[in-house]
Amino acid sequence: MQKTPDKEWDQIWVGANIATMAAGAGPYGSIENAALAVKGERIAWIGPAEEGRSVAAAQNLPVQDARGLWMTPGLIDCHTHLVYGGNRVEEFEKRLCGVSYEAIARAGGGIQSTVQATRTASREQLHASAAVRAKRLMSEGVTTIEVKSGYGLELAAERRMLEVARDLAAELPVSVKKTFLGLHALPREFAADRQDFVAQVSGPWLESLAAAGLVDAVDAFCENIAFSLPETERLLQAAAQLGLPAHVHAGQLTDMGAAELAAKWGALSADHLEYLSAAGAHSLAAAGTVAVLLPAAYFTLRQTTPPPVGLLREAGAALAIATDCNPGSSPCTSILLALNMACTLFGLTPEEALSGVTRQAARALGALDDIGTLEVGKRADVAFWRIERPAELCYGMGANPCVDVLYRGALRAH
Ligand code: NIG
Ligand code: FE
């Protein structure tokens with residue numbers, strides 16, 4: 001907290017309770033009856049409401065009365081597949097008649113069916129449907145969304161997905177991190193030549209998409225129904241050579257050692273992790289690779305083995321939470337529901353869960369310097385909530401107590 005207020009603020013909110021979510025600042029980093037001042041896109045000052053009021057009066061600043069609302073950092077959904085064509089409701093029906101996700105995938109459904117729908121959708125269709133989903137997330141205080149490709153699986157279609165992701169951020173008041181999920185499934189045209197596909201993705205495709213500024217990070221689905229450890233490693237190595245960070249879909253259905261591989265390459269995150277050993281948890285903690293838990297996918301697939309949260313805690317790994325919004329395993333556009341599920345299904349405390357969509361999610365995107373906590377100098381991305389205490393964000397199901405959102409210092413139309 002800055003003691004002597006800088007006199008150059010643009011505006012100030014007073015009378016808020018602020019869950020700064022700053023590390024080591026007590027539960028939720030809470031400051032009650034506080035004030036937050038903004039200068040341009042950044043947080044300029046946080047302090048007691050009275051001090052804020054008197055500085056504002058002396059400076060003749062616009063003062064907004066926060067009416068006892070809670071402020072949190074704008075929420076961050078650090079794992080989504082927001083851009084896709086069609087939907088997978090038929091597959092949902094099949095699973096409820098007893099066919100497994102793996103069996104559907106092996107029979108050429110699953111991800112492959114979304115690949116077909118995504119390749120044939122127009123750019124406008126992809127954009128419009130993704131914008132609807134982005135707005136739903138935004139209505140719950142989300143200010144940053146990670147968006148993966150991976151339903152194109154041919155260069156032009158992957159590029160189009162990433163361009164749509166980029167264009168969403170130009171159209172809507174939200175930040176987008178674009179992830180090239182080149183190794184999501186093996187497209188049919190490469191069925192006879194896996195190694196050639198992996199080589200294309202890790203070589204010319206990655207280079208061309210990165211050169212176009214469309215790749216903030218790479219990702220691979222490392223799983224026995226998807227890509228092996230050596231195949232995944234090839235992409236991680238190529239990304240490292242280009243100086244690009246990585247995420248890995250790891251341990252969703254089996255423990256193949258994908259978390260260890262992600263840690264070995266210093267990936268930003270390893271995601272899913274229902275199947276993870278103690279050694280895997282330790283390797284994530286040692287590498288500073290964030291464990292991203294995706295409870296809505298676990299719920300949708302009616303999985304029964306939750307991620308080993310106790311092991312991750314003991315190891316000291318950072319835990320983040322995301323929706324995994326996608327048409328197959330997680331048709332979920334509610335980050336608040338993901339928070340609730342992280343607590344009820346995985347046993348996270350509400351504070352861990354809320355850290356998981358703020359500070360730790362920022363870390364999982366390599367963006368903690370800029371977003372994820374309410375601290376002086378960070379981007380003024382703030383969600384305002386009509387709640388009595390922060391845990392209420394994890395408690396409700398179907399409630400949306402988000403009242404307002406400040407995005408880059410400006411109030412977002414609600
Ligand atoms: O994160 N696991 C791989 N990818 C997605 C599912 C994609 C799909 O089923 O379409 C996930 O769960
Ligand atoms: Fe995913």
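Start at 1 with the first residue, then count along the sequence. FYI, side chains are in, hydrogens and waters are out, and symmetry mates aren't considered; it's all heavy atoms of this structure. Keep in mind that this is a model prediction, so the values were computed, not measured.
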Query raised in the report: Would you say the side-chain atoms of Gln112 pair up with the backbone N or O of Gly109, donor to acceptor, closer than 3.5 Å?
Result: no
Query raised in the report: Just by distance, with hydrogens left out, do Gln11 and Gln64 show a side-chain donor and acceptor under 3.5 Å apart?
Result: yes
Report task. Report yes or no: does Gln303 contribute a side-chain atom to a donor-acceptor pair with the main-chain N or O of Gln252 at less than 3.5 Å? Result -> yes
Report task. Taking Asn400 for its side chain and Ser139 for its backbone only, find out whether a donor-acceptor pair lies under 3.5 Å. Result -> yes
Query raised in the report: Do Thr254 side-chain atoms and Met256 backbone N/O form a donor-acceptor pair below 3.5 Å?
Result: no
Query raised in the report: If you take all heavy atoms of Gly68 and Asn17, which pair is closest and at what distance?
Result: O-ND2, 3.5 Å
**Report entry** Donor + acceptor pair across side chains of Trp265, Glu233 (<3.5 Å)
**Finding:** yes
Report task. May I ask you to check whether Thr373 and Glu375 show a side-chain donor-acceptor distance below 3.5 Å? Result -> yes
Query raised in the report: So is Arg133 actually on top of Tyr84's ring, under 6.0 Å and inside 45° of the axis?
Result: yes
Query raised in the report: Counting heavy atoms not belonging to Arg389, are there more than 12 under 6.0 Å from its CZ?
Result: no
Query raised in the report: Would you say Thr118's side chain and Gly85's backbone share a donor-acceptor pair under 3.5 angstrom?
Result: yes
Query raised in the report: Taking the six-membered ring for Trp, is the centroid-to-centroid distance between Trp205 and Phe197 below 6.0 Å?
Result: yes
Query raised in the report: Do His247 and His249 meet the criterion of a side-chain donor-acceptor pair at a distance under 3.5 Å?
Result: no
**Report entry** Modelled atom types, side-chain donor and acceptor of Glu171 and His127, under 3.5 Å
**Finding:** yes
Query raised in the report: Hey, are Thr143 and Arg379 close enough side-chain-wise for a donor-acceptor pair under 3.5 Å?
Result: no
**Report entry** Short N-O contact, Lys177 and Asp216, less than 4.0 angstrom
**Finding:** no
Query raised in the report: Do side-chain atoms of Arg412 reach the backbone of Met138 as a donor and acceptor pair under 3.5 angstrom?
Result: yes
Requested in this report: For residues Ala263 and Thr289, report the shortest heavy-atom separation together with the two atoms involved.
Outcome: CA-OG1, 3.8 Å
Query raised in the report: Do Phe221 and Ile111 pass the side-chain contact (heavy atoms from CB on, under 4.5 Å) test, and can you show the C-alpha distance, the side-chain angles, and the key distance before you say yes or no?
Result: CA-CA 11 Å; Phe221 185 16; Ile111 295 172; 4.0 Å; yes
Query raised in the report: Around atom CG of Asn60, are there more than 12 heavy atoms of other residues, nucleotides or ligands at under 6.0 Å?
Result: no
Query raised in the report: Would Arg42 and Asp370 pass as an ion pair if we require N to O under 4.0 Å?
Result: yes
Report task. Could you tell me the separation between the OG atom of Ser175 and the CD1 atom of Ile371, rounded to the nearest 0.5 Å? Result -> 6.5 Å
Query raised in the report: Between Ala49 and Gly15, what is the shortest heavy-atom contact and its length?
Result: CB-N, 3.9 Å
Query - For Pro295 against Ile321, the heavy-atom pair lying closest together - result: CD-CG2, 4.1 Å
Requested in this report: Compare every heavy atom of Ala320 with every heavy atom of Cys78, then report the nearest pair and how far apart it is.
Outcome: SG-CB, 4.1 Å
Query raised in the report: In a check of side chain to side chain contact (heavy atoms under 4.5 Å, CB included) between Pro73 and each of Ile18, Leu374, Thr144, which one passes?
Result: Leu374
Query raised in the report: Any side-chain heavy atom of Leu36 sitting closer than 4.5 Å to one from Trp45?
Result: no
Query raised in the report: Do Leu339 and Leu354 touch side chain to side chain, with heavy atoms closer than 4.5 Å?
Result: yes
Query raised in the report: Are Val38 and Ile12 close enough that some pair of their side-chain heavy atoms sits under 4.5 Å apart?
Result: no
Query raised in the report: Between Leu82 and Leu168, does a side-chain contact (heavy atoms from CB on, under 4.5 Å) hold up when you go through it step by step?
Result: CA-CA 10 Å; Leu82 204 75; Leu168 284 175; 4.1 Å; yes
Query raised in the report: Does some side-chain heavy atom of Cys222 sit less than 4.5 Å from a side-chain heavy atom of Phe227?
Result: no
Query - Ser355-Tyr28 side chain donor-acceptor pair, cut-off 3.5 Å - result: no
Query raised in the report: Is there a donor-acceptor pair under 3.5 Å between the side chain of Thr300 and the backbone N or O of Ser329?
Result: yes
Report summary line: Value for CG (Leu276) from OG1 (Thr305), rounded to nearest 0.5 Å, stands at 12.5 Å
**Report entry** Salt-bridge criterion met for Glu91 and Lys94 (N-O under 4.0 Å)
**Finding:** no
Query - Side-chain donor-acceptor pair present, Asp219, Thr179, cut-off under 3.5 Å - result: no
Query - Presence of salt bridge, Glu146 and Lys178, under 4.0 angstrom - result: no
Query raised in the report: If we only count heavy atoms from C-beta on, is the Lys148 to Met161 side-chain gap below 4.5 Å?
Result: no
Query raised in the report: Is it true that the side chains of Arg88 and Thr114 contain a donor and an acceptor less than 3.5 Å apart?
Result: yes
**Report entry** Donor-acceptor under 3.5 Å (Glu352 side chain, Thr349 main chain)
**Finding:** yes
Query raised in the report: Would you say Glu207 has more than 12 foreign heavy atoms packed within less than 6.0 Å of its CD?
Result: yes
Report task. Tell me, with the steps shown, if Leu284 and Leu312 meet side-chain contact (heavy atoms from CB on, under 4.5 Å). Result -> CA-CA 9 Å; Leu284 294 178; Leu312 287 162; 4.2 Å; yes
Report task. Evaluate the side-chain contact (heavy atoms from CB on, under 4.5 Å) criterion for residues Ser330 and Leu294: first the C-alpha distance (whole Å), next the side-chain angles of each, then the deciding distance (0.1 Å), finally the verdict. Result -> CA-CA 9 Å; Ser330 188; Leu294 305 168; over 6 Å; no
Query - Side chain Asn340, main chain Cys394, donor-acceptor under 3.5 Å - result: yes
Query raised in the report: What are the two closest heavy atoms between Glu274 and Tyr298, and how far apart are they?
Result: OE2-CB, 3.5 Å
Requested in this report: For the residue pair Gln360 and Arg363, confirm or rule out a side-chain donor-acceptor distance under 3.5 Å.
Outcome: yes
**Report entry** Among Val201, Leu214, Val218, side chain to side chain contact (heavy atoms under 4.5 Å, CB included) partner for Leu209
**Finding:** Leu214
Query raised in the report: Are Ser283 and Glu260 linked by a side-chain donor-acceptor pair shorter than 3.5 Å?
Result: no
Query raised in the report: Side chains of Val14 and Asn33: does their closest heavy-atom pair fall under 4.5 Å?
Result: no
Query raised in the report: Which value, rounded to the nearest 0.5 Å, describes the distance between Thr358 atom OG1 and Asp381 atom CG?
Result: 12.5 Å
Query raised in the report: In Å and rounded to the nearest 0.5 Å, what is the CD to CZ distance from Glu158 to Arg119?
Result: 9.0 Å
Query - Nearest-0.5 Å distance that lies between atom CG in Leu153 and atom CD in Gln116 - result: 10.0 Å
Requested in this report: Would you sort out whether Arg234 and Glu231 count as a salt bridge (Lys or Arg N to Asp or Glu O under 4.0 Å), showing the intermediate values?
Outcome: CA-CA 5 Å; Arg234 183 153 185 187; Glu231 289 163 350; over 6 Å; no
Query - Side-chain heavy-atom pair Ser30, Trp70 within 4.5 angstrom cut-off - result: yes
Report task. Please tell me if the side chains of Val405 and Leu411 come closer than 4.5 Å, counting only heavy atoms from C-beta onward. Result -> no
**Report entry** Arg386 CZ: over 12 foreign heavy atoms closer than 6.0 Å
**Finding:** no
Query - Main-chain N/O of Thr323 paired with Asp77 side-chain donor or acceptor, under 3.5 Å - result: yes
Query raised in the report: Between atom OH of Tyr151 and atom NE2 of His184, what is the distance when rounded to the nearest 0.5 Å?
Result: 5.0 Å
